[in-house]
Amino acid sequence: MKNGYDHFMLKEIHEQDKVIKNTIGYYFDGTIESLIKNLPDLTKYNKIDIVACGSAYHTGLVGKSLIEKFADTEVNCEVASEYRYKRSFYDKKTLVILVSQSGETADTLAALRKAKEDGIDTLAIVNVVGSSIAREAKYVLYIKAGCEIAVATTKAYTAQLAIFSLIAIYLSYKKNLLTNKDLLEIVKEINNLPDIINKTLENNDYIDIAKKIYKRDDIFFIGRGIDYALSMEGSLKLKEISYINSMAYAAGELKHGTISLIENGTPVIAISTDNNLREKTISNIKEVKARDAYTLFVTNEYIDSDFYDDIIVVDKIHELLQPIITIIPLQLLSYEVAKLNGCDIDKPRNLAKSVTVE
Ligand code: M6R
């Protein structure tokens, strides 16, 4: 049932407050003991390979950033269709994490089987209970997102992000990189998360922004670090449901070619939530603004300036949780753009919810 929403996608976007509460609450009661009890012993691995497709791959990229930064652990993240055929440099201390909403994606399943054949431990982060990937992996962490109908994933994506946040918290604590004081602060933020998600969902400014960009042929997303990973998801969401050509670039790469595509009014959506990289990203936005791009600045810190045409400010929360909030305006903006274009939002052309063929 759509429960009064025009589309399942919109309904699922609006379920994210409850989903995140469920996902986190299932594994974490605020104590590190609960994580130790509910997660497998991840401390025995010194390297992690994250393998997935599409949006699940994008959550892996966010997971890589979080685990590398907070848990000081090397993480490789690759799309399953490449990983399954290439030489792997893993060893007995490598954990291969497979991420999949459906648990049936052919390439991800093949990557799982390859790792198993090589005797490598596998952990599945999956939504559908009893699915092939969940059954065949050594360990499974269900994301508890509930049934997702819309082809474009939203609530499963953020639930996967939440699992990666928990893995980073767990590893960071076990490696003595996170103190009890840090943990208390994170727990406080986790408790506030559903309200912050709600507040982010209530913002309606996205319709006005969508009206400015929905007729364009090309839309670019840029960001650095974790914001680049979020840009990739924002871009995929937009293109899969609105059929507008969209690409995500590491902001610093633009000047190496892509900037030649910027012309009067080309939309460039820049994501910037990482304080350490903000000035660098702003200088890249200025480069496209100087070439008359329309710029939308998505940030967690308001800046009064003329380098952007529009600004979306999300709440600033702990870095481990920030991506869950930052992606929401991008989901809603894609939805509004697709709606203005009269697209079949829940069932975009040429796409299936579960890709069970290679
Ligand atoms: O079921 P999975 O998570 O394994 O699916 C992977 C991709 O096919 C999926 O994320 C796809 O990219 C979505 N349509 C994105 O919204």
Side-chain angles (χ1 to χ4, degrees), residues 7-13 15-16 19 23 50-63 77-84 96-113 115 122-137 140-164 221 229-244 246-248 323 327-328 330-335 337-338 343-358:
H7 297 93
F8 282 109
M9 181 182 177
L10 193 59
K11 174 182 171 245
E12 288 160 4
I13 289 173
E15 283 171 356
Q16 290 178 110
V19 166
T23 309
I50 302 175
V51 187
C53 301
S55 292
Y57 164 66
H58 296 156
T59 66
L61 290 172
V62 172
C77 180
E78 274 188 68
V79 289
S81 54
E82 291 294 318
Y83 188 87
R84 63 182 289 190
V96 177
I97 299 184
L98 299 305
V99 191
S100 176
Q101 186 287 130
S102 62
E104 300 294 348
T105 300
D107 285 319
T108 312
L109 183 57
L112 162 71
R113 288 178 178 161
T122 55
L123 164 68
I125 298 176
V126 169
N127 193 30
V128 177
V129 176
S131 54
S132 304
I133 293 172
R135 281 196 323 269
E136 294 188 29
V140 58
L141 295 176
Y142 285 112
I143 63 171
K144 315 296 285 179
C147 183
E148 194 178 59
I149 307 272
V151 165
T153 181
T154 51
K155 61 175 182 171
Y157 170 86
T158 44
Q160 288 161 2
L161 292 186
I163 295 285
F164 278 117
F221 285 76
L230 292 169
S231 299
M232 292 168 84
E233 175 60 9
S235 172
L236 179 64
K237 213 84 302 174
L238 181 76
K239 80 183 115 195
E240 72 178 325
I241 61 167
S242 74
Y243 314 145
I244 295 175
S246 169
M247 294 295 288
I327 198 63
I328 292 173
L330 304 180
Q331 296 171 338
L332 287 167
L333 182 61
S334 298
Y335 175 82
V337 169
C343 299
D344 187 354
I345 293 179
D346 285 336
K347 287 187 187 146
R349 68 184 181 209
N350 307 337
L351 292 175
K353 183 68 185 160
S354 175
V355 185
T356 54
V357 290
E358 190 176 358

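Predicted model only: the values in this text are computed from it and were never measured. Atoms considered below: every heavy atom in the structure, side chains included; atoms not considered: hydrogens, waters and symmetry mates. Whatever order the structure lists them in is the order used to number ligands and atoms, beginning at 1.
- Looking only at distances, no side-chain donor or acceptor of E104 sits under 3.5 Å from a matching main-chain atom of S131.
- Atoms of ligand 1 lying under 4.0 Å from at least one heavy atom of V151, given by number and element, are 13 (C), 14 (N), 16 (O).
- For atom 16 (O) of ligand 1, the nearest protein heavy atom (residue, atom name, distance) is E240 OE2, 2.5 Å.
- If you number the atoms of ligand 1 from 1 as listed, the ones under 4.0 Å from a heavy atom of K237 come out as 15 (C), 16 (O).
- Using a cutoff of 4.0 Å between basic side-chain nitrogens and carboxylate oxygens, E136 and R113 are scored as salt-bridged.
- No donor-acceptor pair closer than 3.5 Å links the side chain of S235 to the backbone N or O of M232.
- Considering only heavy atoms from C-beta on, R84 comes within 4.5 Å of E358 through its side chain.
- Between E104 and ligand 1 there is no heavy-atom distance shorter than 4.0 Å.
- Counting atoms of ligand 1 from 1 in the listed order, those under 4.0 Å from a heavy atom of S55 are 10 (O), 12 (O), 15 (C), 16 (O).
- Atoms of ligand 1 found under 4.0 Å from any heavy atom of S100, numbered from 1 in the order shown, are 1 (O), 2 (P), 3 (O), 4 (O).
- Residue A152 has at least one heavy-atom neighbour below 4.0 Å for each of these atoms of ligand 1: 16 (O).
- Using a 4.0 Å cutoff on heavy atoms, T153 counts as a contact of ligand 1.
- Close contacts of ligand 1 with Q101, meaning ligand atoms under 4.0 Å from a residue heavy atom, involve 1 (O), 2 (P), 3 (O), 4 (O).
- Checking side-chain atoms of K347 against main-chain N and O of K353 turns up no donor-acceptor pair under 3.5 Å.
- Considering both main-chain and side-chain atoms, S102 comes within under 3.5 Å of ligand 1 through a nitrogen or oxygen pair.
- Remark: the backbone N or O of R349 is paired with a side-chain donor or acceptor of Y243 at under 3.5 angstrom.
- In this structure a side-chain-to-backbone donor-acceptor pair under 3.5 Å is missing from N127 to G103.
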| said: Go through it in stages, so that I can follow the logic: the residues are L332 and L10, the test is side-chain contact (heavy atoms from CB on, under 4.5 Å), and I'd like the CA-CA distance, side-chain angles, deciding distance and then a yes or no. | reply: CA-CA 8 Å; L332 287 167; L10 193 59; 3.9 Å; yes
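- The shortest contact between atom 7 (C) of ligand 1 and any protein heavy atom is with C53 O, 3.6 Å.
- Distance check, rounded to the nearest 0.5 Å: OH of Y157 to NZ of K237 gives 8.5 Å.
- For atom 8 (O) of ligand 1, the closest non-hydrogen atom of the protein is V355 CG2, 4.1 Å.
- Ranking protein heavy atoms by distance to atom 5 (O) of ligand 1, first place goes to T105 OG1, 3.5 Å.
- Within the listing of ligand 1, atoms 3 (O), 10 (O) sit less than 4.0 angstrom from a heavy atom of A56.
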